[in-house]
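When reading the values below, keep in mind they use all heavy atoms of this one structure, side chains included, and skip hydrogens, waters and symmetry mates. Chain naming here is simple, since letters A, B, ... match the order of the sequence lines and numbering starts at 1 in each.
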There are 2 protein chains.
Amino acid sequence: MIVWRWKSINRIDLEDCPIAIAQKIIGGKWALRILYHLSTGMLRFGELNRQMPEITQATLTKELRRLESFQLINRKVYPEVPPRVEYSLNEMGLKLLPVLKELEIWGYEYKKIH
Amino acid sequence: MIVWRWKSINRIDLEDCPIAIAQKIIGGKWALRILYHLSTGMLRFGELNRQMPEITQATLTKELRRLESFQLINRKVYPEVPPRVEYSLNEMGLKLLPVLKELEIWGYEYKKIH
DNA sequence: CGGAATCCTAGCGGATACTG
DNA sequence: CAGTATCCGCTAGGATTCCG
């Protein structure tokens, strides 16, 4: 664990805690799931939705937009009819792969025990 | 990425997705932060609170109880006056260390760029 | 097909006060 | 010191409908 620097006595600057930032970005109900599904490669909106039937279209759209605004995924729109939109991890998103991998291992372990 | 088995056509059983489970447990606003601080070793309630001044006592208590119920941390109470309670990662919590480590690395990377 | 626009609600998390 | 006990506002996320 890396101890971050202190900006003032007895007060941790939130911006200095890497976990706080990570939690803010990937802490939502769906963020990790979405990134996980995208980890195998590009997916269209509908494909993503089919792999996560419990999420609603509206929520999925919002979450994808959020992840895009945080620069974790790419959104490519094809000007066709019917429309096609493809989502994929970009550089910052790809850097999350080690996290997803470890989390996946942990998840399996947890299930095995409980 | 490990592809989980399907229980029925076109329907993913939530229980089979390791990330979904992980997200449910460590997806709260404070879970990862708490586990992160505990990763260096046992901490008393007050110490933990001092390292996260932004969280309120009530919320911290709730989160600690939640993490305890999910079997990630130990809670040891000393029958003293004034009372002393020590929190530490247990086996399942320790297994999250690789995740926290990778997440920490990612968090620093993210800050560096943005 | 992949949204946008609305509306709505559960429950997370905060503030405050009190206590063994 | 490390909690409970209330009370409560906010907003993430869901349901539904409409659209290019």
Footprint ends on DNA chain C, 5' to 3', for atoms under 4.0 angstrom from a heavy atom of chain A, come out as dC1(C) to dA5(C)
Please give me the minimum heavy-atom distance between [X] and [Y], naming the atom from each residue.
{"X": "Gln71(B)", "Y": "Met92(B)", "value": "O-CB, 3.3 Å"}
{"X": "Leu67(B)", "Y": "Ala31(B)", "value": "CD2-CB, 4.1 Å"}
{"X": "Lys111(B)", "Y": "Ile21(A)", "value": "CG-CD1, 3.0 Å"}

side-chain contact (heavy atoms from CB on, under 4.5 Å) against [X], all qualifying residues, sequence neighbours excluded:
{"X": "Glu102(A)", "value": "Ile105(A), Pro98(B), Val99(B), Glu102(B)"}
{"X": "Val81(A)", "value": "none"}
{"X": "Leu97(A)", "value": "Ser39(A), Leu89(A), Leu94(A), Leu100(A)"}

Using atom types as modelled, flag every donor-acceptor pair under 3.5 Å from a side chain in residues 57-65 of chain B to any protein atom, sequence neighbours excluded.
{"unit_1": "Thr59(B)", "atom_1": "OG1", "unit_2": "Thr56(B)", "atom_2": "OG1", "d": "2.9"}
{"unit_1": "Thr61(B)", "atom_1": "OG1", "unit_2": "Gln57(B)", "atom_2": "O", "d": "3.0"}
{"unit_1": "Glu63(B)", "atom_1": "OE2", "unit_2": "Arg66(B)", "atom_2": "NH1", "d": "3.1"}

Could you check which residues of residues 62-69 of chain B get a heavy atom under 4.0 Å from DNA chain C? Sort them by number, please. Lys62(B), Glu63(B)
Name the nucleic acid region contacted by Thr59(A), choosing base, sugar-phosphate or nothing; use a 4.0 angstrom heavy-atom cut-off, strictly under. base
Are side-chain heavy atoms of Leu48(A) and Gln51(A) found at a separation under 4.5 Å? no
With a 4.5 Å cut-off on side-chain heavy atoms, are Leu96(A) and Tyr36(A) touching? no
Ignoring hydrogens and geometry, is there a side-chain-to-backbone donor-acceptor pair from Glu47(A) to Arg44(A) under 3.5 Å? yes
Run through Leu38(B), Ile34(B), Leu43(B), Asn74(B) and flag the one making a side-chain contact (heavy atoms from CB on, under 4.5 Å) with Tyr87(B). Leu38(B)
Derivation of the side-chain contact (heavy atoms from CB on, under 4.5 Å) call for Leu35(B) and Leu72(B): CA-CA 9 Å; Leu35(B) 295 168; Leu72(B) 298 192; 4.2 Å; yes
Which angle, to the nearest 10 degrees, lies between the helix axes at the two ends of the helix from dC1(C)-dG20(D) to dG20(C)-dC1(D), each defined by five pairs? 60°
If you take any heavy atom closer than 4.0 Å to DNA chain D, which residues from residues 72-83 of chain B end up in contact? Arg75(B), Pro82(B), Pro83(B)
Go through the structure and list residues passing side chain to side chain donor-acceptor pair (under 3.5 Å) with Glu86(B), not counting sequence neighbours. Tyr78(B), Arg84(B)
Can you list the residues that meet the side chain to side chain donor-acceptor pair (under 3.5 Å) rule with Tyr110(A), with sequence neighbours excluded? none
Scan residues 92-101 of chain B for pairs that pass salt bridge (charged side-chain N to carboxylate O under 4.0 Å, His left out), counting only residues two or more places apart or in two chains. Glu109(A)-Lys95(B), Glu91(B)-Lys95(B)
Would you kindly compare Ile55(A) and Arg44(B) by the position of their nearest DNA chain D nucleotide and give the one closer to the 5′ end? Arg44(B)
Taking for Leu60(B) and for Gln57(B) the nucleotide of DNA chain C with the nearest heavy atom, the one nearer the 5' end belongs to Leu60(B)
I'd like the 5' and 3' limits of the part of DNA chain D contacted by chain B, with heavy-atom contacts below 4.0 Å. dC1(D) to dA5(D)
